[in-house]
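In this text, all values refer to a predicted model and were calculated from it rather than measured experimentally. Ligands are counted one by one from 1 in listed order, and the atoms in each one are counted from 1 as well.
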Amino acid sequence: MMLHIPEVLSREQVAEFRRLLDEADWADGRATVGEQGAQVKRNRQLPVDGPLAKQLGEAVLRALYAHPLFVSAALPLRTVPPLFNCYEGGEHYGLHVDGAIRGVHGSHLSLRTDLSSTLFLCDPDEYEGGELVVVDTYGSHEVKLPAGDLILYPSTSLHKVEPVTRGARICSFFWTQSMVRDDARRSMLFDLDQTLQRLRSRVGDNEETLALTGHYHNLLRMWAEL
Ligand SMILES: O=C(O)CCC(=O)C(=O)O
Ligand SMILES: [Fe+2]
């Protein structure tokens, strides 16, 4: 399931991020990628262990875990410290798949990449090109979102970033291990949760909504791995 999650960061937060990122020193993006990705990756990133990446990464995680739509859709167990990238002057990232396991920088922890996220920090009219293209069984999907919005997609998908031919595209990107590794099961839980919330806001709480809430939790109990 691919999901657009609006307003993970407010306009004020985005402006503050941009002010800090505009003064940042960017490094070659190939520092954090495997052999296959390195052949097609042409962009720049904030050094993972730098103070700015840590400060902004923590702010992204706080916003993310407080966002009900992200929590409902991702059922996150843990998320790597967010990274930040920049593409300009024709920079791009060719078709690739994200590695299945990622180490967490500065620790002995690793996680399984179930979900990939790109959080846009520029508005679409600030740059030309730079679409994130995600390929799945239903075809290929082009994504370019307002600053502050996030796209969540299964890490199993092939994807690429088109060349940026004008301006600069600045984003945060990261991977999440979900409590429910199977995309189909996670999508069903998300649909059930969202439908139930809409139903409760329409008819209030009753015997049936209580029973459905029970089914949601019992399915989650059956499928969650912690
Ligand atoms: O910049 C993006 O939107 C995605 C980056 C990406 O696919 C990656 O770093 O693996
Ligand atoms: Fe990727």
**Message:** Can you tell whether the side chains of Arg18 and Glu126 come within less than 4.0 Å, N to carboxylate O?
**Reply:**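 A salt bridge links Arg18 with Glu126.
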Donor-acceptor pair, side chain of [X] and main chain of [Y], under 3.5 angstrom:
X      : Y      : result
Gln177 : Arg112 : yes
Lys144 : Gly129 : yes
Ser172 : Phe84  : no

**Asked** Between Lys160 and His92, does a side-chain contact (heavy atoms from CB on, under 4.5 Å) hold up when you go through it step by step?
**Response** CA-CA 8 Å; Lys160 63 179 173 179; His92 59 277; over 6 Å; no
Hey, what polar pairs (N/O, under 3.5 Å) does ligand 1 make with protein?
from	atom 1	to	atom 2	distance (Å)
ligand 1	1 (O)	Asn85	ND2	2.9
ligand 1	1 (O)	Tyr87	OH	2.9
ligand 1	1 (O)	Arg169	NH1	2.9
ligand 1	3 (O)	Thr118	OG1	2.8
ligand 1	3 (O)	Arg169	NH1	3.4
ligand 1	3 (O)	Arg169	NH2	2.9
ligand 1	7 (O)	His96	NE2	3.1
ligand 1	7 (O)	His159	NE2	3.0
ligand 1	10 (O)	His96	NE2	3.2
ligand 1	10 (O)	Asp98	OD1	3.0

**Asked** Should Val33 and Tyr93 count as side-chain neighbours, where that means a heavy-atom distance under 4.5 Å?
**Response**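 They are in side-chain contact.
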**Pairs where residues 202-226 contributes a residue and the test ring-ring contact (aromatic ring centres under 6.0 Å, His included) is met, not counting sequence neighbours** =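 Applying ring-ring contact (aromatic ring centres under 6.0 Å, His included) to every pair that reaches into residues 202-226, excluding sequence neighbours, yields nothing.
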**Asked** Can you find a side-chain donor-acceptor pair between Asp98 and Thr113 that sits under 3.5 Å?
**Response**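 Looking only at side-chain atoms, Thr113 and Asp98 do not form any donor-acceptor pair under 3.5 Å.
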**Request:** Name all residues meeting the ring-ring contact (aromatic ring centres under 6.0 Å, His included) criterion together with Phe190; count only those two or more places apart in sequence or in a different chain, and write none if there are none.
**Result:**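 Residues passing ring-ring contact (aromatic ring centres under 6.0 Å, His included) with Phe190: none at all.
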**Asked** So which protein N/O/S atoms does the Fe ion (ligand 2) have within less than 2.8 Å?
**Response**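 Listed by chain and number: His96 NE2, Asp98 OD1, His159 NE2.
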